[in-house]
Participant: 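Following this message is one structure expressed as structure tokens.
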Amino acid sequence: MKSVDPDSVRQHAAIRRVIASIPPGRVTSYGEIATRAGWPGRARLVGRVLGEAPAELALPWHRVLRADGRSAFAPGSRGFREQVRRLAGEGVLVCNARVDLALHGWERNLDALLWGPAPSPRKKAATAAPRKTRTAR
DNA sequence: AACCTGACGTTGG
DNA sequence: CCCAACGCCAGGT
């Protein structure tokens with residue numbers, strides 16, 4: 001049998017716990033989860049844990065996005081569509097394959113709201129800026 | 001034991 | 001905006 005590292009078990013448990021505590025209608029990143037779980041920099045591990053987590057746990061995986069607000073799944077893929085669908089059901093809209101973290105981010109959006117958008121500082125108000133829908137790369 | 005590959009992130013060109 | 005280079009962890013070849 002394979003010896004299981006007890007420390008590793010705690011990591012996974014902590015990570016799952018953090019994911020399970022993401023409030024509906026809010027999203028966060030892999031890195032943020034890793035940090036909250038006590039292991040900053042282990043974003044990759046979060047992805048693995050999420051992928052191996054049994055469905056019975058019913059973790060809100062759809063509320064986990066990349067640091068830039070895009071889904072970890074390829075646009076158009078099965079997972080991508082399902083994630084977008086679930087998020088939409090919670091009032092989180094995905095525009096241009098991306099979620100506005102400054103708006104739906106799980107805490108940490110205060111300074112962003114006060115200092116202005118952090119990621120893509122939309123030059124001017126999006127007064128109907130058609131922003132080409134970037135035909136799938 | 002190298003080498004590759006991911007539900008990742010940051011920095012620098 | 002795209003790409004490359006690292007840093008990171010665990011598994012598979």
Side-chain angles (χ1 to χ4, degrees):
Chain A
M1 46 209 268
K2 53 188 343 191
S3 52
V4 181
D5 194 357
D7 202 45
S8 167
V9 174
R10 299 196 318 129
Q11 274 191 329
H12 288 224
I15 290 173
R16 282 190 294 260
R17 201 147 48 71
V18 173
I19 295 174
S21 65
I22 305 173
R26 317 229 60 164
V27 298
T28 190
S29 69
Y30 293 85
E32 177 67 15
I33 291 172
T35 298
R36 289 200 182 216
W39 284 276
R42 277 48 176 186
R44 219 150 192 165
L45 183 59
V46 174
R48 176 172 293 283
V49 171
L50 206 44
E52 295 179 347
E56 291 73 57
L57 294 181
L59 292 178
W61 59 271
H62 57 287
R63 298 180 193 139
V64 185
L65 302 165
R66 284 187 184 161
D68 61 3
R70 291 191 302 171
S71 168
F73 296 103
S77 66
R78 193 66 196 294
F80 178 85
R81 291 196 304 269
E82 178 63 15
Q83 183 163 38
V84 172
R85 202 169 67 72
R86 291 195 181 205
L87 286 175
E90 298 183 355
V92 178
L93 298 182
V94 182
C95 299
N96 208 6
R98 179 175 310 183
V99 170
D100 187 341
L101 291 182
L103 192 60
H104 302 97
W106 182 30
E107 313 248 313
R108 164 153 325 223
N109 37 350
L110 187 53
D111 35 333
L113 288 174
L114 295 177
W115 283 87
S120 52
R122 195 125 303 163
K123 220 123 226 205
K124 288 199 64 201
T127 44
R131 193 73 289 210
K132 190 135 220 220
T133 319
R134 192 162 210 308
T135 39
R137 234 235 105 184

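For the numbers below, each heavy atom of this structure counts, side chains included, while hydrogens, waters and symmetry mates do not. The sequence lines fix the lettering, A, B, ..., with proteins before strands; numbering per chain opens at 1.
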Participant: Which residue in the set A:Leu65, A:Val99, A:Val84, A:Asp100 passes side-chain contact (heavy atoms from CB on, under 4.5 Å) when paired with A:Val92?
Facilitator: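 Filter result, single survivor: A:Val99.
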
Participant: Find the distance A:Trp39:CH2 to C:dC9:C1' and express it as a whole number of Å.
Facilitator: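 Going from CH2 in A:Trp39 over to C1' in C:dC9 covers 13 Å.
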
Participant: Quick one: list whatever passes side chain to side chain contact (heavy atoms under 4.5 Å, CB included) with A:Pro24, sequence neighbours left out.
Facilitator: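 Residues passing side chain to side chain contact (heavy atoms under 4.5 Å, CB included) with A:Pro24: A:Arg63, A:Glu90.
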
Participant: Please list, chain by chain and in numerical order, all residues satisfying side chain to side chain contact (heavy atoms under 4.5 Å, CB included) with A:Arg10, sequence neighbours excluded.
Facilitator: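 Partners of A:Arg10 under the side chain to side chain contact (heavy atoms under 4.5 Å, CB included) test: A:Asp7.
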
Participant: Can you pull the salt bridge (Lys or Arg N to Asp or Glu O under 4.0 Å) pairs that have at least one residue in residues 45-54 of chain A, sequence neighbours excluded?
Facilitator: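 Found A:Arg48-A:Glu52.
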
Participant: Give A:Leu45 one of three labels, base, sugar-phosphate or nothing, depending on what nucleic acid heavy atoms sit under 4.0 Å from its own.
Facilitator: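 Sugar-phosphate, backbone atoms only, no base.
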
Participant: What is the separation between atom CD on A:Glu52 and atom P on B:dA7, rounded to the nearest whole Å?
Facilitator: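 About 12 Å, once rounded to whole Å.
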
Participant: List for me each residue that meets side chain to side chain contact (heavy atoms under 4.5 Å, CB included) alongside A:Ala37, sequence neighbours excluded, and say none if there are none.
Facilitator: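 Residues passing side chain to side chain contact (heavy atoms under 4.5 Å, CB included) with A:Ala37: A:Ala14, A:Ile15, A:Val18, A:Trp39.
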
Participant: Base, sugar-phosphate, or nothing for A:Arg42, non-hydrogen atoms under 4.0 angstrom?
Facilitator: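 Result for A:Arg42 = sugar-phosphate.
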
Participant: Considering only the P atoms, how many Å lie between B:dA7 and C:dG7, rounded to the nearest integer?
Facilitator: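 These two P atoms come out 23 Å apart once rounded.
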
Participant: Could you pull out all residues at least two apart from A:Arg85 that satisfy side chain to side chain contact (heavy atoms under 4.5 Å, CB included)?
Facilitator: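 For A:Arg85 the side chain to side chain contact (heavy atoms under 4.5 Å, CB included) partners, ignoring immediate neighbours, are A:Glu82.
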
Participant: Please list, pair by pair, any protein nitrogen or oxygen found under 3.5 Å from a nitrogen or oxygen in nucleotides 9-13 of chain B.
Facilitator:
residue, atom, partner, partner atom, Å
B:dG9, OP1, A:Ala67, N, 2.9
B:dG9, OP2, A:Ala67, N, 3.1

